[in-house]
Each structure stands twice: as structure tokens, then as C-alpha cells.
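Data first, discussion second: the structure below is written as C-alpha cells.
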Amino acid sequence: NRRDGTHGPNCMKLGVTRSPRRLPTDPEIRAARSGAALRRNLATALQRVFDRCEPEPNSGYWLWTGLVWAPGGYGRMNFAGRQTVAHRVTFQLLRGPIPEGPVLDHRCRQPSCVNPAHLEPVSNGENVLRGVGPSARAARATHCPAGHPYDAENTYVSPGGVRKCRTCNRERQRVTA
């Protein structure tokens, strides 16, 4: 903007005398924040979700057919002016706001599913332990790789925070001694 409120000589020719950005007091912005306009925007967002997902009747999945984020297989969409994962949008539209702090866990273990009934807000640690990654598999292990039980007498935690088998440790020390 120039000091005279215009954007330059071409704006003067077009009769533009102020910034094309809307000011917070403009009637359009107040209308956009009103209940009717907000409901209309939410209805439009919900229609966009339903246009981009395909219900799978046997499993209850709502499989996202729109843009998919390659590393995790999660659906992506624009909502409220920014790109976000589609399952968060459907949860917010159909079940309400996501609590601060927790992440949404896909109880169905299907990243492209956007069915809010399959989503549960949990801590990040709980979400990791419910998964199928190395941390989750290690946490679910009841025996060491050699078959010794992970119980109170036979287990200790290393300084790095890893569970270790006392029996295997004794056998390693005996071999190296």
C-alpha cells in the first residue's frame, strides 16, 4: 500500500482507493462469523468429506478416496484455511472438538479410514503402544528373544530405558569372563 491508500498507478485507473483486503468491520466478515454462515460452511465441509470417502459395508471403514499423504496413508484436505488430515476434520465435524493434548487413534488400524466412530482421543504414548511398530511390539513382549520371561525377578531396565533379561545378561557375562 502507498501512503495515499492506493496500490499504485494501475489501481488509481481502476478506481481502487483502499486495500482489497477486507477490514474486520466489513459486513461480509461479520456475516461469515454469524451462525447461519458458519453452519453453511460446516455443511459444505461435511459434503466435501462425504464426496471424498467411500463407505465399506463389511468393516465400517469410511475409506478416503481424495488426496492421501504418502508416508502414513492418511487422507488430506483443506479445512478452515489450512491443509490437515481428513480424519481430524470428520471427528471435529461429527463428534466435536478434539481435546487439547491427545492425538486421534485409529482403533481400526486403517490410516485411510475417516469414520469418527473408529477414532479415539488418546495420549501419544498410548497411541504408539496400540500400534504395530517396534516400540509397541517390544512393550507387548512377555519373554526375551531367548525365551526367558520378562517378570519382576528376571527383568531390569538398562540406563538407556530398555528392558533387559537378567538370565541372558548373566550368561553373556559368564561367556566373556
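Every heavy atom of this structure was used, including side-chain atoms; hydrogens, water molecules and symmetry mates were not. Quantities reported herein were computed from a predicted structural model and do not represent experimental measurements.
- Shortest non-hydrogen contact noted between Cys165 and Asn154 is SG-ND2, 3.3 Å.
- The shortest distance between side-chain heavy atoms of Val157 and Val162 does not fall below 4.5 Å.
- Using modelled atom types, no side-chain atom of Arg163 and backbone atom of Thr155 make a donor-acceptor pair closer than 3.5 Å.
- Contact of the Asn78 side chain with the Arg48 side chain is registered, since non-hydrogen atoms from C-beta on lie closer than 4.5 Å.
- For His143 and Tyr150, the gap between ring centers reaches or exceeds 6.0 Å.
- By the 4.5 Å heavy-atom criterion applied to side chains, Arg166 and Glu153 are not counted as neighbours.
- Across every non-hydrogen atom of Leu94 and Pro116, the tightest pair is CD1-CG, 3.7 Å.
- Side-chain atoms of Val122 and Pro102, non-hydrogen and from C-beta on, never get closer than 4.5 Å to each other.
- Taking the six-membered ring where tryptophan is involved, the planes of Tyr61 and His118 are perpendicular, since the angle between them exceeds 60° and thus also 30°.
- The side-chain heavy atoms of Arg52 and Val114, taken from C-beta on, include no pair separated by under 4.5 Å.
- What you find for Met77 and Ala45 is that their closest heavy atoms are CE-O, 4.4 Å.
- In this structure, the side chains of Leu63 and Gln110 come closer than 4.5 Å at one or more pairs of heavy atoms.
- With contacts defined as side-chain heavy-atom distances shorter than 4.5 Å, the pair Val68/Arg76 does not qualify.
- With hydrogens and angles ignored, the 3.5 Å screen pairs no side-chain donor or acceptor of Ser112 with any backbone N or O of Gly73.
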Inset, instruction - Decide side-chain contact (heavy atoms from CB on, under 4.5 Å) for Asn115 and Thr90; before the verdict, give the C-alpha distance in whole Å, the side-chain angles of both, and the deciding distance to 0.1 Å. - result: CA-CA 7 Å; Asn115 184 345; Thr90 59; over 6 Å; no

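- The heavy-atom pair separating Cys168 from His148 by the smallest distance is SG-ND1, 3.2 Å.
- When each of Trp64, Tyr74, Phe79 is tested with His87 by the rule ring pair (Phe, Tyr, Trp, His ring centres under 6.0 Å), just one qualifies, namely Tyr74.
- Contact of the Arg107 side chain with the Leu119 side chain is not registered, since no non-hydrogen atoms from C-beta on lie closer than 4.5 Å.
- Atom-to-atom distance recorded for Ile98:CD1 and Glu100:CD is 10.0 Å, nearest 0.5 angstrom.
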Inset, instruction - Applying side-chain hydrogen bond (donor to acceptor under 3.5 Å, both in side chains), run through Thr44 and Gln47 and close with a yes or a no. - result: CA-CA 5 Å; Thr44 302; Gln47 185 59 49; over 6 Å; no

Legend entry - Worked verdict on Glu120 versus Arg130 for salt bridge (Lys or Arg N to Asp or Glu O under 4.0 Å): CA-CA 12 Å; Glu120 179 183 7; Arg130 287 181 175 185; 2.9 Å; yes

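- When ring centroids are compared, Phe50 and Trp62 come within the 6.0 Å threshold.
- Side-chain contact annotation: Ser123 with Glu126, donor-acceptor N/O pair under 3.5 Å absent.
- Here the closest heavy-atom approach between residue Asn127 and residue Leu104 is recorded as ND2-O, 4.3 Å.
- The nearest pair of heavy atoms linking Arg140 to Val132 is NH2-CA, 4.1 Å.
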